[in-house]
Amino acid sequence: MIDFGYGISPSSAINLERFDRARFDRLCAEEPDVLKCMACGSCAASCPTAGHGNMNLRKVILLLGRGCDSDALAMTRSCMLCGKCLLVCPRGINTRHLILSINKIYK
Amino acid sequence: MEPKNQQKNIVVIGGGPAGIEASRTLDSLGYTVFLIEKEDRLGGHLARWDRLFPYGTPAGDVLGQMTASMGRVKWFTGTEVTQLNRLERGYNIILSNGMSVLADALLLTTGFSLFDASRKEEYGYGIYDRVITNADLEDWFSGIPVPAIDSPRRIGFVHCVGSRDEKVGNRYCSKVCCATAVKQACEIKEKFPDAVVYCFYMDLRMFGRGYEDMYLEAQKKYGIIFVRGRVSEVSEDKDGHLFVKAEDTLAGKPLRVTLDLLVLMAGMTRNTAVAPIVRALELSTMEDGFLKPKDSMTQAQSSYAAGIFYAGACTGPKTIPDTVAEAKAAAMSINEYLRDND
Ligand SMILES: Cc1cc2nc3c(=O)[nH]c(=O)nc-3n(C[C@H](O)[C@H](O)[C@H](O)COP(=O)(O)OP(=O)(O)OC[C@H]3O[C@@H](n4cnc5c(N)ncnc54)[C@H](O)[C@@H]3O)c2cc1C
Ligand code: SF4
Ligand code: SF4
Ligand code: SF4
């Protein structure tokens with residue numbers, strides 16, 4: 001490949017056209033509460049990795065729901081499954097279990 | 001009931017929920033009530049809606065209950081006010097049916113107009129075939145054919161169309177359209193269970209009792225996808241599909257999607273049909289054109305003019321329960337006014 005000295009980064013736009021919902025639907029079937037997330041950000045705010053890693057459960061849920069799987073999964077790698085987010089989620093989502101299911105379904 | 005109240009005439013202009021409810025209450029207080037509606041049926045916008053948020057109550061049932069007992073109210077449809085004069089005490093009102101009434105008090109319940117969605121050209125209402133409004137969708141739910149709705153598989157709802165928009169001169173929130181969007185999203189998903197349904201919102205204003213439950217049900221039971229971001233533009237491909245651009249502000253990324261149907265949540269705007277009355281009586285309006293009450297806290301039903309009162313959406317966007325409560329409050333304000341000025 002010729003090196004022009006610069007590159008075009010792949011588009012970071014969300015294109016719902018190319019989103020194959022099958023895997024997300026499987027996640028919803030196993031973790032129906034994932035649909036209840038109202039993007040409040042409590043989970044991300046209370047996460048002990050905040051400021052160190054890039055785990056942000058609010059964003060993980062959102063990005064999986066938009067077909068941006070690799071961005072989402074890059075985040076879950078910093079999670080240490082401490083379960084703190086579970087204590088603060090106002091929608092009562094079992095977030096820790098959800099993260100485990102994400103890791104299983106998207107592995 | 002004061003027997004002498006019967007000698008007092010009250011003219012109510014506008015036969016929507018506010019006018020109907022206020023007329024019935026004033027009638028039960030013994031007053032002689034004339035209710036004037038310019039359209040050929042009572043009910044105002046309520047007569048056009050199919051089911052109401054948040055519980056899906058049929059609008060026809062609500063209207064039926066309201067109009068079941070109009071008492072001695074003299075109501076006239078297809079009738080307008082042709083002339084209005086202020087007298088030393090009260091008002092002289094001449095109607096298009098030739099009647100003339102000497103009114104001791106006047107209640108304006110002239111309601112709102114639906115925002116003309118074609119003014120937001122970037123959304124393509126009136127240009128692209130598959131762009132419709134919330135009101136068009138209510139028509140379809142009521143059984144009126146809407147050709148744009150042809151087994152859609154991808155459906156979008158756009159919140160805040162003509163509201164929270166200084167460019168069209170409406171800075172305010174229309175209050176009812178978030179709840180309407182969520183209600184309609186669930187209803188259309190029920191009709192087309194395989195469709196993917198998106199709501200594009202800036203803030204979700206689910207303030208009322210039962211609204212948050214409706215939102216939760218929309219997410220969990222119906223799988224409605226909520227995207228926080230204002231649709232910036234819509235274009236049409238050669239097959240008539242709609243290409244939609246927005247920012248997914250929670251992801252911080254631009255978002256693109258193609259849809260088969262786009263429903264615009266047209267907001268509530270001032271009703272220009274009240275303009276001649278405003279001019280004749282020199283009433284005050286707010287900068288957005290809605291009628292201005294004397295005091296928004298404690299005298300929301302009073303105007304600046306003696307003997308003229310307001311109820312319902314003529315003073316700003318309101319739900320039906322708000323409107324009905326104001327109608328009752330206006331009847332009490334009129335009752336106090338007539339008692340004190342006896
Ligand atoms: C898309 C949409 C859906 C909605 N759904 C719901 C819902 O599910 N639940 C809910 O609580 N609320 C809902 N609303 C709000 C509801 O429609 C209003 O609260 C209600 O209609 C206000 O009643 P009103 O009597 O003040 O005004 P209107 O309903 O506008 O009635 C005013 C009446 O006055 C008449 N009039 C006006 N000027 C004159 C004149 N000069 N002479 C004679 N007659 C005149 C008009 O013809 C009209 O009949 C919805 C609103 C919208 C836009
Ligand atoms: S479980 Fe993971 S995402 Fe939740 S607070 Fe702990 S580290 Fe953060
Ligand atoms: S705390 Fe719960 S509702 Fe809030 S963003 Fe996290 S998962 Fe969603
Ligand atoms: S109720 Fe919702 S959709 Fe309507 S103007 Fe307000 S924020 Fe926008």
Side-chain angles (χ1 to χ4, degrees), chain A residues 8-45 54-76 89-95 97-98, chain B residues 153-156 178 182 185-186 189 193-206 211-229 231-235 237 239 241-260 262:
Chain A
I8 300 170
S9 59
S11 168
S12 68
I14 296 172
N15 190 333
L16 294 170
E17 236 56 61
R18 284 189 236 126
F19 175 25
D20 172 9
R21 305 189 62 85
R23 238 182 343 179
F24 188 68
D25 286 345
R26 192 139 48 90
L27 178 66
C28 295
E30 208 155 306
E31 298 281 344
D33 277 359
V34 69
L35 292 168
K36 286 166 62 179
C37 173
M38 56 177 173
C40 71
S42 301
C43 47
N54 60 351
M55 177 57 182
N56 179 326
L57 183 58
R58 171 187 73 74
K59 275 195 184 167
V60 169
I61 294 172
L62 185 82
L63 292 169
L64 291 177
R66 304 282 188 264
C68 302
D69 297 358
S70 53
D71 291 0
L73 299 173
M75 289 181 182
T76 56
C89 176
R91 283 272 163 113
I93 302 171
N94 188 338
T95 50
H97 200 269
L98 169 65
Chain B
R153 289 181 303 108
R154 300 159 300 183
I155 304 165
C178 272
V182 174
C186 297
K189 179 82 183 177
D194 296 329
V196 187
V197 182
Y198 304 95
C199 279
F200 293 92
Y201 70 97
M202 294 196 285
D203 298 286
L204 271 183
R205 300 196 164 166
M206 308 307 270
Y211 296 13
E212 191 68 21
D213 297 337
M214 186 173 70
Y215 168 42
L216 194 57
E217 191 172 76
Q219 289 183 291
K220 189 153 181 204
K221 180 171 166 199
Y222 294 99
I224 309 301
I225 298 162
F226 289 88
V227 180
R228 184 173 177 279
V231 169
S232 66
E233 57 178 283
V234 181
S235 51
D237 72 12
D239 305 316
H241 299 116
L242 302 163
F243 183 64
V244 169
K245 284 186 185 173
E247 193 206 1
D248 188 329
T249 61
L250 293 174
K253 290 171 188 285
L255 179 145
R256 309 282 178 257
V257 65
T258 303
L259 301 174
D260 307 313
L262 192 67

Completion exercise
Applying a strict 4.5 Å limit to non-hydrogen atoms, the region of B/F226 in contact with chain A is backbone
Problem - Separation between CG of B/L216 and CE of A/M38, rounded to the nearest 0.5 Å - result: 9.0 Å
Exercise for the section: Go through the steps to decide whether B/R154 and A/L16 satisfy the test side-chain contact (heavy atoms from CB on, under 4.5 Å), and finish with yes or no. Expected result: CA-CA 10 Å; B/R154 300 159 300 183; A/L16 294 170; over 6 Å; no
Exercise for the section: With a 4.5 angstrom heavy-atom cut-off, could you sort out which part of B/V227 is near chain A: side chain, backbone, both or neither? Expected result: both
Problem - Distance-minimising heavy-atom pair for A/L62 and B/L250 - result: CD2-C, 3.5 Å
Practice task
Quick one: pull up CD in B/E247 and CD1 in A/I14 and give me the separation to the nearest 0.5 Å.
Solution key: 9.0 Å
Completion exercise
Residues B/K220 and A/L35: closest non-hydrogen pair is O-CD1, 3.8 Å
Handout entry: Region of B/I224 that comes under 4.5 Å of a non-hydrogen atom in chain A
Key = neither
Practice task
Using a strict cut-off of less than 4.0 Å between a Lys/Arg side-chain nitrogen and an Asp/Glu carboxylate oxygen, indicate whether B/E212 and A/R91 qualify as a salt bridge.
Solution key: yes
Problem - Atom NE2 of A/H97 with >12 non-hydrogen neighbours under 6.0 angstrom - result: no
Problem - Atom pair CG (B/L255) and CZ (A/R66), whose distance is rounded to the nearest 0.5 Å - result: 6.5 Å
Problem - Euclidean distance, A/N15 CG relative to B/T258 OG1, rounded to 0.5 Å - result: 7.5 Å
Exercise for the section: Please look at A/D71 and chain B and tell me whether the side chain, the backbone, both or neither of the residue comes under 4.5 angstrom of a heavy atom of that chain. Expected result: side chain
Problem - A/C37, part contacting chain B, at a heavy-atom distance under 4.5 Å - result: backbone
Problem - Distance (rounded to the nearest 0.5 Å) between A/K36 NZ and B/Q219 CD - result: 9.0 Å
Practice task
Answer with side chain, backbone, both or neither: which region of A/R18 has an atom nearer than 4.5 Å to a non-hydrogen atom of chain B?
Solution key: neither
